Amino acid sequence: GSDEKVEFLLKEVGFDHAFNYKTRPTREALSEFAPKGIDIYFENVGGETLEAAIDHLNVHGRIIACGMISQYNTTKPYGIKNLTSVVGKRLTIRGFIVADFQEQYFEDFFRDVKALLLENKIVYRVDEAKGVEAAPDAFVGVLKGKNFGKQVVQVADLPSSPSRHDQWQSSTKRRKRKVNHIGRKTIKKKKQRKSKEDDKNQKRKLSPGTKKDHELLKLCR
């Protein structure tokens, strides 16, 4: 979205190629930077960019669809014209939302990414807006591509608190304790029901079962 961002990706982040889609057609750039085609495309734009990517995908290529920001605030959604290539190229398209894998990879993510950050192997920038009143403009700015890095809004200065990872671990332990408690209650109830059934069965075995036995008991009384 800007020459400054292109320079940042190439010089600081370490990308092999980058281009400004506002000053250069996407198809032209893909033809130059990926002359042999694309095998995997991480979709986060939609519209004409997605259409260009489909044209450049190789047979059995894969699209990981995480977002389509160009379509979120438009009144005229762009209709993809080359979806027949999905069949011809036998492409795979799968939607992706972080929450789908949160339980599975949450701990691994905090362990691995934390190490990468401490070793300065992940380079990033943050755009910070001050005050909750700045939130609407910050949000609209993201949709228009005004932010350079990750857009955040600081609404207050908070005292140090447990990290999200620590909170998640604590929540997980609470859920496990709850499940174990429920499990113990269920086992206890089953044992109680079994004990009552055993008592009934024992009574059936001891109680007289014939007409003569009943008559004898009456005489004894």
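Quantities reported herein were computed from a predicted structural model and do not represent experimental measurements.
T23 has its side chain within reach of N20: a pair of non-hydrogen atoms, C-beta onward, lies under 4.5 Å apart. Annotation: side chain of Q71 is in contact with side chain of T74 (closest heavy-atom distance under 4.5 Å). In this structure, R24 and E28 have side chains that are in contact, with non-hydrogen atoms separated by less than 4.5 Å. Within the 4.5 Å cutoff, side-chain heavy atoms of K5 are placed close to those of F148. With a 4.5 Å cut-off on side-chain heavy atoms, L83 and I54 count as touching.
With a 4.5 Å cut-off between side-chain heavy atoms of Ile, Leu, Val, Met, Phe, Trp and Tyr, the cluster of F19 takes in Y21, F33. Apart from V98 itself, the hydrophobic cluster it occupies contains I40, F42, I64, F96, F101, Y105, where clustering links Ile, Leu, Val, Met, Phe, Trp and Tyr at side-chain heavy-atom distances under 4.5 Å. Counting side-chain heavy-atom gaps under 4.5 Å among Ile, Leu, Val, Met, Phe, Trp and Tyr, V59 is found in no cluster with other residues. Cluster note: V87 groups with no other residue, as no ILVMFWY side-chain heavy atom lies under 4.5 Å from it.
Taking both residues in full, the closest heavy atoms of V142 and I69 are given as O-CD1, 3.8 Å, listed atom of the first, atom of the second, then distance. Among all heavy-atom pairs drawn from A18 and L10, the shortest one is N-CD2, 3.8 Å. Scanning both residues, A129 and A138, for their nearest heavy atoms gives CB-CB, 4.3 Å.
Side chain of N44 to main chain of G67: a donor-acceptor pair is present (N/O by atom type, distance under 3.5 Å, no hydrogens or angles). Under the 3.5 Å distance criterion, the side-chain polar atoms of D39 are left unmatched by any main-chain donor or acceptor of G61.
Sorted pairs that involve residues 137-147 and meet side chain to side chain donor-acceptor pair (under 3.5 Å), not counting sequence neighbours, are lacking altogether. Residues in residues 82-99 take part in these side chain to side chain donor-acceptor pair (under 3.5 Å) pairs, two or more places apart or across chains: D55-N82. Note on residues 48-91: no pairs pass ring pair (Phe, Tyr, Trp, His ring centres under 6.0 Å), not counting sequence neighbours.
Under the 4.5 Å side-chain contact rule for hydrophobic residues, V153 and F139 do not share a cluster. Linking Ile, Leu, Val, Met, Phe, Trp and Tyr whenever their side-chain heavy atoms come within less than 4.5 Å leaves V13 and I122 in two separate clusters. Note on V86: it clusters hydrophobically with M68, by side-chain heavy-atom contacts below 4.5 Å among ILVMFWY residues. By the criterion of side-chain heavy atoms lying less than 4.5 angstrom apart, applied directly or through intervening Ile, Leu, Val, Met, Phe, Trp or Tyr residues, L116 is grouped together with F110 in one hydrophobic cluster.
Take K130 and apply the side chain to side chain contact (heavy atoms under 4.5 Å, CB included) test, not counting sequence neighbours, and it matches E128, Q154. Remark: K22 pairs with no residue by the salt bridge (charged side-chain N to carboxylate O under 4.0 Å, His left out) rule, at least two apart or across chains. For F15, there are no ring pair (Phe, Tyr, Trp, His ring centres under 6.0 Å) partners two or more places apart in sequence or in a different chain. Listed by chain and residue number, I38 satisfy the side chain to side chain contact (heavy atoms under 4.5 Å, CB included) test with A34 (two or more places apart in sequence, or in another chain). Checked against side chain to side chain donor-acceptor pair (under 3.5 Å), D108 has the following partners two or more places apart in sequence or in another chain: R111.
Remark: R62 fails to qualify as a cation-pi partner of Y41 under the 6.0 Å distance and 45° angle criteria applied to the six-membered ring.
With a 6.0 Å radius and a threshold of 12 heavy atoms from other residues, nucleotides or ligands, I97 has its CD1 atom at or below the threshold.
Between atom CZ of residue R125 and atom CD of residue E12 there is a gap of 5.0 Å, rounded to the nearest 0.5 Å.
A salt bridge links R27 with E51: the closest approach of a Lys/Arg side-chain nitrogen to an acidic carboxylate oxygen falls below 4.0 angstrom.
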With side-chain contact (heavy atoms from CB on, under 4.5 Å) as the criterion, how do F8 and V123 come out once you've worked through the C-alpha distance, each side chain's angles and the decisive distance to 0.1 Å? CA-CA 10 Å; F8 173 72; V123 180; 4.1 Å; yes

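Evaluated for a side-chain contact (heavy atoms from CB on, under 4.5 Å) with L50, the options V45, I93, I63 yield exactly one hit, I63.
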